[in-house]
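Below is one structure, written out as structure tokens, with a few remarks after it.
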Amino acid sequence: MVDMVITESQATQGVTEAFNAASVELLTKGEPAWLREGREQAWSVYEQTPMPNTRLEEWRYTDLTRLLQLASLRLPEVEVGPGSASTWPDRLRETTEQNREAAGHIVLIDGHVVHADIDPVLAEQGVILDSLHDALTLHPELVKEHLGSAVSADDGKLEALNMAMWADGIFVYVPSAVRLDLPIRVTRWISQAGAAYFSRVLIVAEAQSQVSYVDEVVSDDFDTQTLKSSAVELVAGAGAVLQYVTVQRAGSGVFVHSAQRTLAERDARIDTLNVGLGGSVHRVDLNAKLLGPGANSEMLGLYFGDGNQHFDFNTSQDHTEPNTGSDLLYKGALDGASRAVFRGIIRVLPGAQRTDAYQTNRNLLLSSGARADSLPNLEIEADDVKCSHGATVGELDTEAKFYLMSRGLDKVQAERLVVLGFLGEVLSRLPLGGVIEKVTGAIEEKLSQHG
Amino acid sequence: MTDASILRIEGLEAKVADEDLSILKGLTLDIGKGEIHAIMGPNGSGKSTLAKVLAGHPGYEATMGSVEFRGADLLDLEADERSQAGVFLAFQYPVEIPGVSIANFLRTAVQAHLPEDEELDVFDFTDILMERMEMLEMDVAFAERHVNDGFSGGEKKRNEILQMAMLKPKLAVMDETDSGLDIDALKIVASGVNKLSEEDPEMSVLLITHYQRLLDYIKPDFVHVMVDGRIVKSGGPEVALELEAGGYSEFETASAS
Ligand SMILES: Nc1ncnc2c1ncn2[C@@H]1O[C@H](COP(=O)(O)OP(=O)(O)O)[C@@H](O)[C@H]1O
Ligand SMILES: [Mg+2]
């Protein structure tokens, strides 16, 4: 660790013992010049960008000064995790065992790759699945072309910090017309309380290719706040199909921030599914860009909160070209004193005629202490479009519960069926192998604690 | 038909749980094992309330009287316990449960009716479900549809009888199962109920209806007229025919006086 004195004004801008110019400098060791410059530039953006506060519309319900203890975070110890699965933590092993069926796997413990494999037939066809560090050495041109092209330091304070400080990452590249039948599966375990993990995901699907990717994070509960920051860049060339699923099952104490942007070229389709189950705070900034005529995006979200969990989904759907479509559905159930914020905007530029854009957020409150705020929004500058937005916050239907109980189901089973049915709509729209079962199982686990 | 009583309602009074609104005002009714009873009465007389009170709807509160079901105090049981004990209510307005398939729902319900240590055999269950759906002339694809979600009125009613056929109750309360059914569907539903009666001659049925029509296909042993929360007349099937001719006006003036 680098000793240095942090002034008060630096501290208010998030310069801390762990996050400072010197720690960025350490990370650049051995990296190519363009990347070093990228980090340094990101750091200076970070320093100059004020910490978002609740006066900003996008952060109105998520008070970082209260929820994020930047100053007490430290960088993870460099400990290379155990390589053989038999010595992995039980939960990690169980999780990876459920994920067998795949085109390839990466397992990370505290950001270190402890397992990687890929279907050799796909590797032969030029499919790349690597840690970002390895990809920098093996495929420098590809990484240079795309890294930071979707999520950059200019997107915000936390994005700038990620760009300056990222320590691990995943790089997926699918050449033109290569189609993967099974998803790529990435499983992450984080173990160090109080650590800040910065990672990036970069997926490039060239024209007419097809790939699906499932990223899952699991951890124990932590007493000290632990940060998991990620930047996710999804790029689909003409006619490509890219599906991205992230399942957040971190333990309590984890502050999760995920900045995601999708860039869909002509006739491409990029679908995303954000599942939020664990952690203490989970904020997603997702921007879908429909960049070419005929591009499409399905944007799905599912969350189940309990205790004091806080979810905040901030989404935007940008239509710049004609005949583009986006369809967003975020659904969540909230128990205990948990809270969810959904803030979404559909933007249709004048040139984007014949756009179909939809946005729906539905919340189910399972307790009187839970709360959901939903702020859907439209900004339409074209006249020949089909757009709609809607939001609901409701309680568990007592008639539905009675109906099920009158068939012999007890109260817990009745609630379980209603909640799973409500949330299941989201999962059924992106039925990737094993995801439905896994997420349903995790929700059932949370429901079994419902009082 | 036996003399043994399965359901004995004595002077039952019930009101809306969180309001000062009484609906059942001293209702007495005795149903024997294997008997088919029909309750007829004008809109608003409290027929559905009676059905829901019997099924344990939390929105109503019994304030007076007693309900004995197979010797036990029914009012003491939760809705799920009543179902497990053998009470079934075919709803007048079945509830939509989005996202929950009929097959999944019924599997859970049938499992809930088994003794605690008994695990449902999924293959047997599927066989029985298919057979029951065939009996009710339902398409097999129906099993994968979400419970009542987007169903037509007739489909909802048929789905109620499917559930009844899967749960094999000792007492089936059917609340206006005939409304919303065309004549063909009505015949199918009625023959389904009759078949269940044949399978289990001890099953009792309480039919709630407006119309004689249903009673042409499911023949009641007793017919009761309900007005303003009470049974005002009981008799054999001829009572239904009299009502068909004369309507309820006779009883309504009687109860108002
Ligand atoms: N939950 C309730 N809240 C308020 N009024 C109710 C409620 N349930 C029933 N009622 C009233 O009680 C009366 C009887 O209703 P119901 O039992 O549905 O009659 P029926 O089925 O005979 O038509 C009606 O006047 C109805 O409006
Ligand atoms: Mg009624």
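Not measured: the values here are computed from a predicted model. All chains are named by letter (A, B, ...) in the order of the sequence lines, taking the proteins before the strands, and each is independently numbered beginning at 1. The analysis underlying the following values was restricted to heavy atoms, covering all of them including side chains, and did not include hydrogens, waters or symmetry mates.
Taking CD from B:Gln84 and CZ from A:Arg407, the interatomic distance works out to 13.5 Å, rounded to the nearest 0.5 Å.
With a 4.5 Å cut-off on non-hydrogen atoms, B:Pro94 touches chain A through its backbone and its side chain both. In this structure, chain A has no heavy atom under 4.5 Å from any part of B:Val110. The parts of A:Glu399 that come within reach of chain B are both its backbone and its side chain, each placing non-hydrogen atoms under 4.5 angstrom from that chain. For B:Asp149, no part sits under 4.5 Å from any heavy atom of chain A, backbone or side chain. Using a 4.5 Å cut-off between heavy atoms, B:Phe105 touches chain A through backbone and side chain atoms alike. For a residue to count as touching a neighbouring chain, one of its non-hydrogen atoms must lie under 4.5 Å from one of that chain's; by this rule A:Tyr403 touches chain B with backbone and side chain alike.
Looking only at heavy-atom pairs under 4.5 Å with chain A, the residue among B:Met164, B:Glu160, B:Lys52 that has the most is B:Glu160. Between chain B and the options A:Ala414, A:Ala400, A:Gly424, heavy-atom pairs under 4.5 Å are most frequent for A:Ala400. Top candidate by heavy-atom pairs under 4.5 Å with chain A, chosen from B:Asn148, B:Val147, B:Val87, is B:Asn148. Ranked by heavy-atom pairs under 4.5 Å with chain B, the list A:Met405, A:Gln413, A:Glu425 is led by A:Met405. The choice from B:Arg82, B:Gln163, B:Met166 that makes the most heavy-atom pairs within less than 4.5 Å of chain A is B:Gln163.
Few gaps surround CZ on B:Phe151; more than 12 heavy atoms of other groups in view lie less than 6.0 Å from it. For B:Met130, the CE atom is densely surrounded, since the number of other residues' heavy atoms within 6.0 Å is greater than 12.
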Test log, rule side-chain contact (heavy atoms from CB on, under 4.5 Å), inputs B:Ile97 and A:Leu417: CA-CA 9 Å; B:Ile97 318 280; A:Leu417 269 198; 5.6 Å; no
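The heavy-atom pair separating B:Ser83 from A:Gly408 by the smallest distance is OG-N, 3.1 Å. Residues A:Phe402 and B:His57 share a closest heavy-atom pair of CD2-CD2, 3.2 Å. Residues B:Asp80 and A:Leu409 approach most closely at CB-O, 3.1 Å, considering heavy atoms.
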